[in-house]
Amino acid sequence: MNPRPAGVSARPVDDYRDSIEQLLRPLAARTVESVPVPRALGRQSAEDVRSPIELPVFRNSAMDGYAVRAESVLVAPVTLPLTGVVAAGAAGRTPLPRGAAMKVMTGAPIPPGADCVVPVEDTQVGDGTVTIERGRSAGEFVREPGTDVRTGDLLVRAGTMLAPRHVAALAAVGLPAVAVFRAVRAAVITTGDELVAAGKPLRPGQIYNSNGVALAAALAANGVDVVSVAHSTDDPARFRALLSAATENADVVFTSGGVSKGDFEVVKDVLEPMGGRFGSVAMQPGGPQGLTVVDGVPVLSFPGNPVSTMVSFEVFARPILRRLAGLPEVDTYELPLAGAVPRSPEGKRQFLRGRLIRAHPGESPAHRQPRAVEVVSGPGSHLVAAMAWAEVLIDVPAEVTALPAGALVRVWSL
């Protein structure tokens, strides 16, 4: 499924998104690679991971205190002779004599013969003795082997997005590496003679290139490995060279700019002869779109206005990329409008930028449930700075031309 060519009515948003999802779905069949556990954060496990050992590995103390036999402290207070100290990391093989105590640190091995630990707060130390002021039962403050996990127990299921807690568990059982799916690799190419890298002075007619940075950040935030970010002038030869390099290293390529009906549409001019299909999608912003397969690699071509680029990514690419990465679905829900939307273009699905209102006047700002949504700035596709204040996209259906305050609208979390 491809965009309709120019001159044919604009495609519905959902129809075009389905085309992109069909094109990207084969990327789910990714290879498996082994990565060091310290670098596994945010990666998707490719197989079930089971513990090679049990935790705790040995009986150890849950507190700084004194290892004793419970029978020795049945009646408290009682004063016992001290026979040694066991630090964390010690072998802890010296037996505890009956009627005695041995000082132990948190995590230190419980000496043979001891069956409980009296916390240091419940003791008074004398000259070679310790007075136990409160008795303890057998097993108190003793961590037994295997009470956390046993050898062969499941630690992480296949398909899990590895969070810090998973990485901690893998490291705790001594696993040096874990099998994960290779992340989808993406390349970004921005276009336009007018674009200048940040930090350089602007000449008349130039603007800073935000799309390359923005697309790379959006891809990385959604589980994608960004392998390159490049910028092309409006010279077709330059764009072809960058595209060739991108398709050699990436699973999918994103371009911005050069897809409309102007005189210097380098992306469309190069890709249409290669089978690319360019046309309009019934949305605002982000109407001009292109879809091509180059050397087996999908190339998604977004319009160049900064907000159009970002909204196109949110609507067309983010949902499928998150599924491929094993990330949660994008949140969508309904909220009332805080103010009216006086006009929305007929026949186009409009995506306004919105900010959540979480409290009514007089209520605590700590109230976390959003009560309404308000439009941030205007609908213009150039208002990239204003988009920084947005938390959601407000989805106005194509058949709606205006909305009153209080109307329910569907919002997409950004």
Side-chain angles (χ1 to χ4, degrees), residues 35-43 45 48-157 160-178 366:
V35 300
V37 166
R39 291 171 44 202
L41 182 66
R43 302 296 296 274
S45 59
D48 288 349
V49 182
R50 297 185 178 276
S51 178
I53 62 172
E54 62 181 11
L55 291 179
V57 179
F58 52 86
R59 298 177 79 229
N60 68 84
S61 175
M63 299 286 287
D64 291 333
Y66 295 86
V68 298
R69 298 174 189 264
E71 65 185 28
S72 299
V73 294
L74 288 176
V75 178
V78 60
T79 299
L80 304 176
L82 280 174
T83 62
V85 177
V86 185
R93 295 174 180 169
T94 302
L96 176 71
R98 289 186 179 275
M102 192 174 291
K103 191 172 186 178
V104 292
M105 306 299 122
T106 302
I110 299 294
D115 58 12
C116 68
V117 173
V118 179
V120 68
E121 299 94 304
D122 296 335
T123 65
Q124 290 290 333
V125 179
D127 185 13
T129 65
V130 60
T131 299
I132 308 299
E133 297 179 336
R134 177 183 173 187
R136 294 290 177 178
S137 302
E140 286 195 73
F141 299 114
V142 174
R143 299 166 176 162
E144 296 291 346
T147 50
D148 185 7
V149 65
R150 294 188 177 278
T151 302
D153 281 356
L154 182 65
L155 282 179
V156 175
R157 293 190 184 279
T160 299
M161 184 59 55
L162 297 175
R165 62 186 183 276
H166 303 118
V167 173
L170 297 174
V173 298
L175 289 172
V178 62

side-chain contact (heavy atoms from CB on, under 4.5 Å) between Y66 and V120, intermediate numbers included: CA-CA 7 Å; Y66 295 86; V120 68; 4.2 Å; yes

Stepwise side-chain contact (heavy atoms from CB on, under 4.5 Å) test for V117 and I110: CA-CA 9 Å; V117 173; I110 299 294; 3.6 Å; yes

T79 vs T129, side chain to side chain donor-acceptor pair (under 3.5 Å): CA-CA, chis, key distance, verdict: CA-CA 7 Å; T79 299; T129 65; 5.7 Å; no

Criterion side-chain contact (heavy atoms from CB on, under 4.5 Å) on R59 and V142, from CA distance to verdict: CA-CA 7 Å; R59 298 177 79 229; V142 174; 3.7 Å; yes

Verdict with reasoning, T151 to S51, per side-chain contact (heavy atoms from CB on, under 4.5 Å): CA-CA 5 Å; T151 302; S51 178; 5.8 Å; no

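In this structure, the side chains of V49 and L154 stay at 4.5 Å or more apart for every pair of heavy atoms. At a threshold of 4.5 Å between non-hydrogen side-chain atoms, the residues V85 and M102 do not count as touching. In this structure, the side chains of P112 and L96 stay at 4.5 Å or more apart for every pair of heavy atoms. Considering only heavy atoms from C-beta on, D148 comes within 4.5 Å of P56 through its side chain. With contacts defined as side-chain heavy-atom distances shorter than 4.5 Å, the pair V156/L170 qualifies. Contact annotation: the side chain of P109 approaches that of V86 to within less than 4.5 Å [non-hydrogen atoms, C-beta and beyond]. Using a 4.5 Å heavy-atom cutoff, the side chains of L82 and L80 are not in contact. Side chains of P119 and R134 form no contact here, defined as non-hydrogen atoms less than 4.5 Å apart.
Side-chain polar atoms of T106 and D64 form a donor-acceptor pair below 3.5 angstrom.
Separating the CD1 atom in I132 from the CG atom in L74 is a distance of 12.5 Å, to the nearest 0.5 Å. Taking CG of L175 as the reference point, atom CD1 of I53 lies at 8.5 Å (rounded to 0.5 Å). Interatomic distance, R165 CZ to L41 CG, rounded to the nearest 0.5 Å: 10.5 Å. Here H166 contributes atom NE2 and R157 contributes atom CZ; the two are 11.0 Å apart, rounded to the nearest 0.5 Å. Rounded to the nearest 0.5 Å, atoms CZ (R143) and CE (M63) are 9.5 Å apart. Rounding to the nearest 0.5 Å places OG of S61 at 8.5 Å from CE of M105.
Of the possible donor and acceptor atoms, none in the side chain of T94 sits under 3.5 Å from a partner among the backbone N and O of P111. Looking only at distances, a side-chain donor or acceptor of S45 sits under 3.5 Å from a matching main-chain atom of T160. Between the side chain of D115 and the backbone N or O of A138 there is no donor-acceptor pair closer than 3.5 Å.
Here the shortest heavy-atom pairing between T83 and P97 reads OG1-CD, 3.9 Å. When every heavy atom of S137 is checked against every heavy atom of C116, the shortest pair comes out as O-CB, 3.2 Å. Minimum heavy-atom separation, D122 to V118: CB-CG1, 3.9 Å. Pairing each heavy atom of V37 with each of A177, the nearest pair is CG2-N, 3.7 Å. V130 and A101 make their closest contact through CG1-CB, 3.7 Å (heavy atoms, listed as atom of the first residue, atom of the second, distance). Of all heavy-atom pairs spanning P81 and G99, the tightest one is CD-O, 3.2 Å.
Residues E71 and R98 are paired through a salt bridge, judged by an N-O separation under 4.0 Å between the basic side chain and the carboxylate.
Applying the 6.0 Å contact sphere to CD of Q124 captures no more than 12 heavy atoms from other residues, nucleotides or ligands.
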